[in-house]
Amino acid sequence: VQLQASGGGLVQAGGSLRLSCAASGRTFSGYTMGWFRQAPGKECEFVAAISRSSGRTYYADSVKGRFTISRDDAKGTVYLQMNSLKPEDMAVYSCAARAGGVTYDDASYDYWGQGTQVTVSS
């Protein structure tokens, strides 16, 4: 499956952005989808994931209550709505897909999009 992320940009602290990740190639509904981020000099960090069947959602503690992950299987797209953005949210955000269940381990995801930069000014 091929993934294409978009929606990043520059926003002031407290603002909002919505990231999108469009999938193509295989049946999107059969994949667990995740969002990860990586800031300069830091390791890849789990942000959120949504399961392939029930649509159950999972979040890192650092974004819980501010970010919302959702999916539209008909459109083959997963979204990440980011509200109340903080300077520490600034990173390259990447979407990922895996055929198995939800995991927070980035190494367990099979397919990755190219990443989109999110910059938060204070």
Side-chain angles (χ1 to χ4, degrees):
V1 61
Q2 293 79 44
L3 303 175
Q4 180 74 36
S6 61
L10 172 64
V11 64
Q12 287 188 331
S16 299
L17 282 175
R18 188 176 83 153
L19 306 184
S20 300
C21 176
S24 62
R26 297 194 177 185
T27 305
F28 177 78
S29 61
Y31 289 87
T32 289
M33 300 300 298
W35 284 98
F36 292 81
R37 67 187 181 186
Q38 188 164 20
K42 295 188 176 181
E43 293 186 352
C44 184
E45 176 188 18
F46 169 80
V47 176
I50 186 165
S51 68
R52 56 187 172 173
S53 52
S54 65
R56 185 174 178 180
T57 57
Y58 302 79
Y59 298 95
D61 288 343
S62 58
V63 307
K64 203 170 292 182
R66 300 187 296 121
F67 291 12
T68 302
I69 187 172
S70 61
R71 64 189 297 160
D72 185 334
D73 288 346
K75 294 183 178 180
T77 302
V78 62
Y79 304 96
L80 185 68
Q81 177 67 43
M82 305 185 294
N83 298 329
S84 302
L85 281 161
K86 303 176 181 180
E88 51 263 43
D89 294 319
M90 186 161 55
V92 174
Y93 285 70
S94 299
C95 57
R98 69 187 305 266
V102 170
T103 174
Y104 292 18
D105 178 15
D106 61 290
S108 297
Y109 284 76
D110 304 306
Y111 305 98
W112 288 82
Q114 86 288 1
T116 184
Q117 175 72 46
V118 171
T119 302
V120 183
S121 63
S122 56

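Contact record, G7 with L17: O-CD2, 3.9 Å, taken as the closest heavy-atom pair. Shortest non-hydrogen contact noted between A39 and A91 is N-CB, 3.8 Å. Across S84 and D89, no two heavy atoms sit closer than the pair O-OD2, 4.3 Å. Smallest separation of non-hydrogen atoms from V78 and S70: CG2-O, 3.1 Å. Closest non-hydrogen pair, A5 versus C95, comes out as CB-SG, 4.1 Å. The two atoms that bring S51 and G55 nearest to each other are OG-N, 3.0 Å, heavy atoms only.
Rounding to the nearest 0.5 Å gives a distance of 9.5 Å between OG of S122 and CD of Q12. One distance of note links CD of Q38 with CD of E43; it measures 8.0 Å at 0.5 Å rounding. We find the OG1-CG distance between T68 and N83 to be 6.5 Å, quoted to the nearest 0.5 Å. L85 CG to R66 CZ: the interatomic distance, rounded to the nearest 0.5 Å, is 6.5 Å.
Cluster annotation: V120 and V47 are assigned to the same hydrophobic cluster (Ile/Leu/Val/Met/Phe/Trp/Tyr, side-chain heavy-atom contacts under 4.5 Å, transitive). L3 and F46 are not part of a single hydrophobic cluster, where members link through side-chain heavy atoms under 4.5 Å apart. No continuous path of ILVMFWY side-chain contacts below 4.5 Å connects V1 to V102, so the two sit in separate hydrophobic clusters.
For Q114 (side chain) and Q4 (main-chain N/O), no donor-acceptor pair under 3.5 Å exists by modelled atom type. Looking at Y58, its side chain never comes within 3.5 Å of a backbone N or O of G34 through a donor-acceptor pair. No donor-acceptor pair under 3.5 Å is formed between the side chain of R71 and the backbone N or O of T32.
In this structure, the side chains of S6 and T116 stay at 4.5 Å or more apart for every pair of heavy atoms. In this structure the side chain of R52 never reaches within 4.5 angstrom of the side chain of M33, judged on heavy atoms. For the pair S62/E45, a side-chain contact is recorded, criterion being any heavy-atom separation below 4.5 Å from C-beta on. Between Y109 and T103 there is a side-chain heavy-atom pair separated by less than 4.5 Å.
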**Request:** Go through Y31 and Y111 one step at a time and tell me if the side chain to side chain contact (heavy atoms under 4.5 Å, CB included) criterion holds.
**Result:** CA-CA 10 Å; Y31 289 87; Y111 305 98; 3.7 Å; yes
**Item:** Pair V118-M82, side chain to side chain contact (heavy atoms under 4.5 Å, CB included): steps then yes or no
**Value:** CA-CA 10 Å; V118 171; M82 305 185 294; 3.8 Å; yes
**Derivation of the salt bridge (Lys or Arg N to Asp or Glu O under 4.0 Å) call for K64 and D61** = CA-CA 5 Å; K64 203 170 292 182; D61 288 343; 3.1 Å; yes
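Taking the six-membered ring for Trp and thresholds of 30 and 60 degrees, W112 and F36 have ring planes inclined between 30 and 60 degrees apart.
When only modelled atom types and interatomic distance are considered, R37 and Y93 share a side-chain donor-acceptor pair under 3.5 Å.
Checking V63, L19, I50 one by one against I69, the side-chain contact (heavy atoms from CB on, under 4.5 Å) holds for a single residue, I50.
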